[in-house]
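Hydrogens, waters and symmetry mates play no part in the numbers below; they use all other heavy atoms, side chains included. Letters A, B, ... mirror the listed sequences (proteins, then strands); counts begin at 1.
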Amino acid sequence: MVETDMNRKYDPRVIEEKWQRCWEDHKTFKVTEDPKKKKYYLLEMFPYPSGKIHIGHVRNYTIGDVVARFKRMRGFNVLHPMGWDSFGMPAENAAIEKGIHPAKWTNENIEEMKKQLKRMGFSYDWDRELSTCEPFYYKWEQLYFLWMYEKGLAYKKGSSVNWCPKCSTVLANEQVEQGLCWRCHSEVQENYLEQWFFRITQYVDDLLEYCDRLGDGWPERVLTMQKNWIGKSYGLEVDFPMADSDEAIKVFTTRQDTLFGATFMLIAAEHPLVMKLAKGKPCEKAAMEFVEKVKKQDRMMRTSDYYEKEGVFLDAYCLNPLTDQKMPIYAANFVLADYGTGCVMAVPTHDQRDFEFAKKYSLPLIVVIQNPEMTLDAETMEEAYVDEGVLVNSGQFNGMNNMKALDAMADYLESLGRGKRTVQYRLRDWGISRQRYWGAPIPIIYCDKCGTVPVPEADLPVVLPLDVEIKGEGGSPLARHKSFVETSCPSCKGPARRETDTMDTFVESSWYFDRFCSPDYDQKPGLDRKKMDYWLPVDQYIGGIEHAILHLLYSRFYTRVLKEFGVLGVDEPFANLLTQGMVVKETMRCKEHGYLFPHEVKEGKCERCSREVVIGKTEKMSKSLKNVIDPDYLIEKYGADTARMFCLFASPPEKDLEWSDQGVEGSFRFLGRVWRIVEDYLDDVKDIKPFAGKDDLEGELKDLRRKTHQTIKKVTDDVDERFHFNTAISAVMELVNVLYQVKRPEKGDARSLSVIKDALETVVILLAPFVPHITEELWEKMGHRDPLVDAAWPAYDPAAASEEEITIVIQVNGKLRGRLVVPAGESDDKIKELALKDEKTGKFLEGKKPVKVVYVPKKLVNIVIR
RNA sequence: GCCUGGGUGGCGGAACUGGUAGACGCAAGGGACUUAAAAUCCCUCGGUCCUCGCGGCUGUGCGGGUUCGACUCCCGCCCCAGGCACCA
């Protein structure tokens with residue numbers, strides 16, 4: 001059959017669908033454990049099924065797919081799964097707004113997004129697909145909860161939460177906007193609720209310590225963020241005796257060196273001690289009002305600027321344990337109740353907050369660290385002195401450097417029995433209770449007689465009932481669901497109530513990567529240890545920087561818990577982490593119609609009113625700014641390969657990707673260029689074997705062969721070691737450019753054509769991980785029966801890649817003055833000699849004698865003159 | 001305020017341990033093909049000066065320094081992005 005021009009044109013739609021079907025039919029990406037092969041577990045952060053994939057997903061998953069396909073070609077047994085983080089609030093909101101059941105909404109979204117992911121040609125083993133909202137999944141999470149409860153790793157305690165009285169539900173911090181509920185704008189209250197917690201603090205030192213061991217595989221900044229979040233600080237607990245009783249106030253400080261300068265005491269407003277001290281005194285009323293005010297202030301804190309430091313005197317005194325000086329006690333709005341002991345010794349001379357407070361309430365100041373540059377005077381100071389210096393007014397410690405005195409003073413206080421070295425952390429236990437419907441039920445039953453009773457393992461899963469009424473108000477739908485709530489006590493069989501809180505969705509995402517290793521395993525404990533041992537840890541994890549702290553920290557914690565249960569055997573879940581940048585695009589707005597979608601702009605004018613469009617800042621793509629690109633549209637117009645190509649080529653993965661329509665066009669053009677050069681040679685090279693590399697070549701063909709092997713090396717290094725796909729692709733572009741430059745050999749010139757064929761095949765193979773469809777098609781056209789996806793990654797031949805001539809740069813005093821082309825094997829002495837004799841360079845020597853000649857082998861000669 | 005990144009042509013970005021700054025792509029300009037256009041293929045492309053050369057000077061946020069030689073290392077400063085933010 002004669003091929004017409006039509007079916008020889010690059011038509012992405014046809015070939016992409018063809019190969020996607022082929023991969024699906026052959027289950028190409030299905031993997032099983034194979035002890036003979038080296039495993040490679042590649043994972044991208046699974047998506048929340050919000051409806052459609054966005055460009056951020058396209059980028060994230062394309063990066064992962066390149067690595068997965070590359071590793072596969074390198075002979076690894078690659079696990080590359082995909083699933084759905086399918087519990088969460090948007091589903092509940094959709095239910096409230098549109099009256100669709102969360103389950104229906106979620107599953108429809110999954111359906112749609114799965115179609116889109118398949119259309120991108122990602123190499124997932126879909127047989128391992130999981131969805132966290134299925135009982136089949138969360139059943140095991142409930143089991144781990146029971147085990148954690150047993151070990152005291154899960155516990156219940158009272159804690160304060162953001163509470164919206166109208167919606168009668170708890171709000172996450174990010175759902176409180178300027179102290180108001182994000183949905184109904186009622187004033188958010190502080191509410192004290194019994195909540196479930198995971199004791200993450202039990203592993204705090206281990207989590208911190210391993211930050212350093214993860215060193216090579218994780219980005220530095222993620223580790224610093226985690227370390228800061230954990231916030232370990234070494235200090236001292238010091239007792240401050242009350243002036244008129246035997247009791248004492250305990251404070252935590254890291255600055256015992258300033259203790260002689262502590263002139264008053266501060267207590268967090270919410271601290272019970274505040275009302276205890278004020279009780280029955282004239283200040284009681286003022287104290288109570290103050291506490292109420294601060295509680296409200298606290299809600300505003302996140303969104304407002306610094307608020308003023310305020311306090312109220314509690315008409316009580318304690319004593320400085322070293323000077324016995326009387327210290328007035330204040331309740332203050334800026335002291336944190338849940339850090340340290342909730343009480344703070346105030347040193348106004350050396351702490352800016354304390355300084356401001358002291359000025360406001362005219363409290364005494366004593367300088368205890370003297371500034372070596374300029375003598376400090378407590379009377380005239382305008383701000384606290386917070387740098388290093390020499391101790392003064394500090395008894396036997398006078399004259400010491402304050403940093404050096406830290407240990408000495410700790411020893412002294414410990415010897416007096418008034419202090420004790422301790423460690424404090426910023427990290428708190430992880431509150432996992434959510435007063436919401438669309439989440440995994442917490443497997444606990446409350447009985448009036450027996451108290452808190454865990455659901456017996458045999459009764460798991462506690463299935464989330466689907467027949468609920470979901471309204472915006474009136475609290476959790478679960479709490480209103482009679483047949484769910486009303487149950488019998490597992491221990492006394494009497495009437496009992498179920499826990500109606502569900503778990504934070506971060507719990508599901510803390511172990512999904514484990515479940516991917518044995519997604520169908522239906523025996524206790526839901527994870528098959530043999531498979532865990534084969535696949536874990538994840539060799540490469542890829543996702544957005546927005547999860548740098550919470551998701552990654554929780555996953556690290558959960559891994560430790562599961563290890564303790566013997567469910568798996570690794571210390572850390574993710575050996576290597578790549579955090580990819582955001583996708584950004586310029587914003588466009590019209591004076592009349594506000595932000596505009598790209599399709600609403602026609603030739604720089606607003607489609608509706610023909611006004612000039614103003615190009616705004618480049619920002620992260622978001623629906624509200626309308627600077628979005630629809631992946632479906634891209635695929636429709638250019639195909640998945642072009643979309644992938646652009647995401648990879650425009651910038652390295654860790655940087656932000658700036659969207660450019662012209663850049664997409666360029667990527668499409670390049671693929672067309674590859675397609676045409678292969679098509680062009682196809683008839684001539686179809687039956688020719690690629691050049692095998694024994695006989696000598698000359699001229700252009702030798703250059704082409706050299707370039708071919710240099711490209712293999714460059715692409716291999718860029719992809720394998722650095723994940724720099726943009727430079728890898730430009731290397732292939734260079735090779736393609738050379739192919740276009742080469743003079744076309746005669747039809748019968750088999751030897752020359754074999755070199756061309758080798759170059760063409762190399763282009764196709766090297767591009768395979770990036771653009772799998774077009775390359776698979778071209779591979780087939782070139783006469784291959786076995787699919788490219790299973791082809792071996794080429795090895796480069798160092799001999800073929802080596803240059804026979806090298807260019808030596810000649811510098812005079814570090815300035816480029818000339819070039820020298822010499823045979824690669826030329827001796828150093830000869831090169832130096834040639835450089836010194838060089839005519840052009842000679843002009844710049846001004847007849848002077850070189851003082852020195854620097855020679856960098858195979859690179860340059862620098863002649864130094866005075 | 002503190003902690004991370006990062007400032008390179010008109011633009012996105014290269015330059016891996018100090019050794020030819022600007023690979024590759026986009027945009028722009030020119031040429032070939034075409035009746036014409038599109039598509040395609042080829043060439044030019046940091047600035048500046050002139051004697052247009054295989055040319056000189058200059059140029060990687062700014063100011064210093066180290067070095068034979070600095071986009072790269074050190075010190076000081078400016079700007080941008082992100083994270084944390086009263087943690088005692």
Discussion item. With heavy-atom distances below 4.5 Å as the criterion, would you say the side chains of A:K360 and A:K309 are in contact?
Written reply: no
Worksheet item: Side chains of A:V771 and A:L648: does their closest heavy-atom pair fall under 4.5 Å?
Response: no
Practice prompt. Please work out if A:V251 contacts a base, only the sugar-phosphate, or nothing of the nucleic acid, heavy-atom cut-off 4.0 Å.
Written response: nothing
Item to complete: Determine, stepwise, if the pair A:D351 / A:R255 fulfils salt bridge (Lys or Arg N to Asp or Glu O under 4.0 Å).
Response: CA-CA 10 Å; A:D351 182 291; A:R255 294 298 307 274; over 6 Å; no
Item to complete: Could you check whether A:D354 gets within reach of a base, just the sugar-phosphate, or nothing at all, counting any heavy atom under 4.0 Å?
Response: nothing
Response to the item:
The Watson-Crick or G-U wobble partner of B:A36, with both key distances under 3.5 Å, is none
Worksheet item: Mind checking who B:G9 pairs with, Watson-Crick or G-U wobble, both distances under 3.5 Å?
Response: none
Fill in: B:C3 OP1/OP2 closer than 4.0 Å to side-chain N/O of A:Q226
no
Discussion item. Between A:R744 and A:D684, is there a side-chain heavy-atom distance shorter than 4.5 Å?
Written reply: yes
Worksheet item: Should A:R676 be listed as having a side-chain N or O under 4.0 Å from OP1 or OP2 of B:A39?
Response: no
Item to complete: Please determine, for B:C52, whether a Watson-Crick or G-U wobble partner exists with both distances under 3.5 Å, and give it or none.
Response: none
Discussion item. Let's test this: given Watson-Crick or G-U wobble pairing with both distances under 3.5 Å, identify the partner of B:G82.
Written reply: B:C3
Worksheet item: Heavy atoms under 4.0 Å, any strand shown: does A:R428 hit a base, just sugar-phosphate, or nothing?
Response: base
Practice prompt. May I ask you to verify if any side-chain N or O of A:R221 is less than 4.0 angstrom from the OP1 or OP2 atom of B:G6?
Written response: no
Discussion item. Between B:C26 and B:U44, how many Å separate the two C1' atoms, rounded to a whole number?
Written reply: 16 Å
Worksheet item: Is A:Y740 touching bases, backbone alone, or none of the nucleic acid, heavy atoms closer than 4.0 Å?
Response: sugar-phosphate
Item to complete: For A:Q424, answer base if it contacts any base atom (sugar-phosphate contacts may also be present), sugar-phosphate if it contacts only those atoms, and nothing otherwise; contact means non-hydrogen atoms under 4.0 Å.
Response: nothing
Practice prompt. For B:G25, take OP1 and OP2 only and decide whether either is under 4.0 Å from a side-chain N or O of A:N737.
Written response: yes
Worksheet item: Checking all strands, does A:P219 fall into the base, sugar-phosphate, or nothing category for heavy-atom contacts under 4.0 angstrom?
Response: nothing
Item to complete: For A:S667, report the nucleic acid contact type (base, sugar-phosphate, nothing); a contact means any heavy atom under 4.0 Å.
Response: nothing
Item to complete: Could you go through the side chain to side chain contact (heavy atoms under 4.5 Å, CB included) check for A:F357 and A:N333 one step at a time?
Response: CA-CA 10 Å; A:F357 194 86; A:N333 63 348; 5.7 Å; no
Practice prompt. Determine the interatomic distance between C1' on B:G76 and the same-named atom on B:C87; round to the nearest Å.
Written response: 31 Å
Fill in: Opposite nucleotide pairing with B:A28, Watson-Crick or G-U, both atom distances under 3.5 Å
B:U44
Discussion item. Among A:K713, A:R706, A:K714, exactly one meets side-chain contact (heavy atoms from CB on, under 4.5 Å) together with A:Q710. Which residue is that?
Written reply: A:R706
Discussion item. My understanding is that a pair needs two contacts under 3.5 Å, Watson-Crick or G-U wobble. By that rule, which nucleotide pairs with B:G63?
Written reply: B:C75
Worksheet item: Distance between the C1' atoms of B:A81 and B:C43, in whole angstroms?
Response: 39 Å
Worksheet item: Does A:R673 have a side-chain nitrogen or oxygen under 4.0 Å from the phosphate oxygens OP1 or OP2 of B:G25?
Response: no
Discussion item. Just to be sure I understand the rule, does A:D717 reach a base, reach only the sugar-phosphate, or reach nothing, if contact means heavy atoms closer than 4.0 Å?
Written reply: nothing
Practice prompt. Under 4.0 Å between any heavy atoms, over every strand shown, what does A:E734 touch: base, sugar-phosphate, or nothing? Just pick one.
Written response: sugar-phosphate
Fill in: Same-atom distance (C1') from B:C45 to B:G9, integer angstrom
10 Å
Discussion item. Regarding A:N862, tell me which of base, sugar-phosphate or nothing describes its non-hydrogen contacts under 4.0 Å with the strands shown.
Written reply: base
